[in-house]
Amino acid sequence: MGNGILVLNAGSSSLKFSVFDIGGPGVLDAMAVGQVEGLGTAPHLKAKGADGSVIADQRWTTSEVATHGRALQEIATLLRSRFAGQELAGVGHRVVHGGPDYSAPLLITPQAMEKLATFVPLAPLHQPHNLAAIRAVQEARPELPQVACFDTAFHRSHDTVVQLYGLPYEYFERGIRRYGFHGLSYEYIAATLPEVAPEIAAGRVVVAHLGSGASMCAIHNGRSVSSSMGFTALDGLLMGTRPGNMDPGIVLYLLEHEGMSAKEIEELLYKRSGLLGLSGIGNDMRVLQESDSPRARLAIDHFVYRISRELGGLAAVLGGLDALVFTAGIGENSAYIRRRVCEQAKWLGIDLDAAANEQAGPRISSAGSKASAWVVPTNEELMIARHTRVLLGL
Ligand code: ADP
């Protein structure tokens with residue numbers, strides 16, 4: 001039996017990986033992290049070791065490394081050469097959709113794969129790639145146990161009232177409901193708060209996961225009670241290239257009056273909207289913050305506005321707010337966006353400590369602040385490794 005856990009997160013054009021060494025009880029040491037990106041365009045493997053040093057930086061032509069399976073072979077070759085003599089005990093996968101029933105990670109079996117394939121229509125841009133990575137491991141190492149960890153699972157604690165859309169009830173029964181995503185990130189934060197911020201861990205907390213995908217989650221006593229994301233990862237906040245919540249009448253209008261096909265609208269909503277679409281410059285918050293273009297300003301102002309609206313809604317669901325937690329790329333790194341959001345949240349009792357905010361906290365509100373604000377880095381890969389370890393009894 002090996003002592004390594006491989007974590008895989010397969011996207012449409014990338015395969016991200018992390019390797020953890022199983023230490024004593026509760027200890028998982030990150031050994032390496034990296035990704036093959038540019039699948040289909042310009043495949044490129046980049047990886048770092050535990051100390052942050054580069055352990056791989058390699059490029060191929062598209063025909064050399066065309067699939068997730070081939071990318072996995074290259075990752076395996078790297079790991080074998082780097083960690084000779086060490087063996088894997090299991091593989092954990094990020095799987096975006098666990099459907100209405102799975103509220104916990106799942107051991108992969110042929111039956112489980114059949115079930116997970118039925119959720120492809122619910123997450124057409126993500127689920128097929130997640131399942132492709134599982135199949136690639138099955139082919140390469142059929143003896144290795146694999147675990148699927150779902151982005152939806154942490155939100156299965158939501159009341160039915162929270163999951164409903166106002167459509168005829170039979171649509172809810174057919175699975176058209178609010179699922180919520182980024183669950184592995186929120187679960188990690190909820191699990192981390194007792195150490196980092198014990199005074200708020202049992203309280204009413206809104207977590208803002210602000211990355212290239214962005215959402216917010218209301219957590220009470222460590223359990224998710226509501227989230228800004230819904231049936232798909234298009235709902236809620238403005239994101240890098242997605243518009244977030246919008247009137248569904250717009251889709252009908254585009255279909256009926258602008259002659260757009262469903263595929264074209266899908267591309268508009270997933271790839272051309274959000275910060276990118278509004279600014280006309282890009283989806284990287286760093287670039288927009290540094291730009292003096294009025295449209296970049298407008299995009300940032302709208303981003304902050306949408307977060308503020310959602311925060312008010314989630315605080316109402318919680319019946320008040322004890323703390324606001326920022327995480328993910330923008331949440332962890334942009335003191336500017338945190339300041340803007342906290343200024344808008346004064347009415348909720350948040351009083352920012354400007355110096356603490358510049359240093360990314362972890363606590364970024366003043367000592368006298370009625371509700372506190374925090375920066376807590378997320379670690380979805382570690383959450384997956386923990387689940388995999390527990391489920392496989394390692
Ligand atoms: P993903 O959803 O791809 O995992 P991340 O959580 O890594 O996204 O967030 C990526 C985003 O974080 C980038 O698009 C960038 O806009 C933003 N970001 C990273 N560093 C900074 C920074 N120093 N200031 C502002 N934004 C940042």
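Values below: all heavy atoms of this structure, side chains included; hydrogens, waters and symmetry mates excluded. The structure displayed is predicted, hence computed values, not measured ones. Read the numbers this way: they start at 1 and go in the same order the structure lists the ligands and their atoms.
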Any donor-acceptor pair under 3.5 Å from [X] side chain to [Y] backbone:
X	Y	answer
Arg204	Ala315	no
Ser279	Arg295	no
Tyr179	Gln163	no
Arg309	Val304	no

Can you tell me which residue and heavy atom of the protein come closest to [atom], and the distance to 0.1 Å?
atom	result
atom 17 (C) of ligand 1	Ile330 CG1, 3.4 Å
atom 3 (O) of ligand 1	Ser212 OG, 2.7 Å
atom 15 (C) of ligand 1	Asp284 OD1, 3.3 Å
atom 23 (N) of ligand 1	Asn333 CB, 3.4 Å
atom 27 (C) of ligand 1	Arg286 CG, 3.6 Å
atom 26 (N) of ligand 1	Met285 CB, 3.5 Å
atom 4 (O) of ligand 1	Lys16 NZ, 4.4 Å

List every atom of ligand 1 that sits less than 4.0 Å from any heavy atom of Ser334, numbering the atoms from 1 in the order shown and giving each element.
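It comes down to these atoms of ligand 1: 24 (N), 25 (C).
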
Per-atom contacts of ligand 1 with Gln289, taking only distances under 4.0 Å to non-hydrogen atoms
25 (C)

Would Gly213 count as a contact of ligand 1 if the rule is a heavy atom under 4.0 Å away?
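A heavy atom of Gly213 does come that close to ligand 1.
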
May I ask you to check if Arg339 and Tyr336 form a cation-pi contact, with NZ or CZ under 6.0 angstrom from the six-membered ring centre and within 45° of the axis?
no

Tell me whether Arg177 forms a cation-pi arrangement with Phe172, defined as NZ or CZ under 6.0 Å from the six-membered ring centre and within 45 degrees of its axis.
yes

Just say parallel, tilted or perpendicular for the rings of His68 and His129, cut-offs at 30° and 60°.
tilted

Between the candidates Gly331, Pro377, Gly329, which shows the shortest non-hydrogen contact distance to atom 9 (O) of ligand 1?
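When every heavy atom of Gly331, Pro377, Gly329 is considered, Gly329 comes closest to atom 9 (O) of ligand 1.
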
Just wondering, do Met260 and Glu266 contact through their side chains at under 4.5 Å, heavy atoms?
no

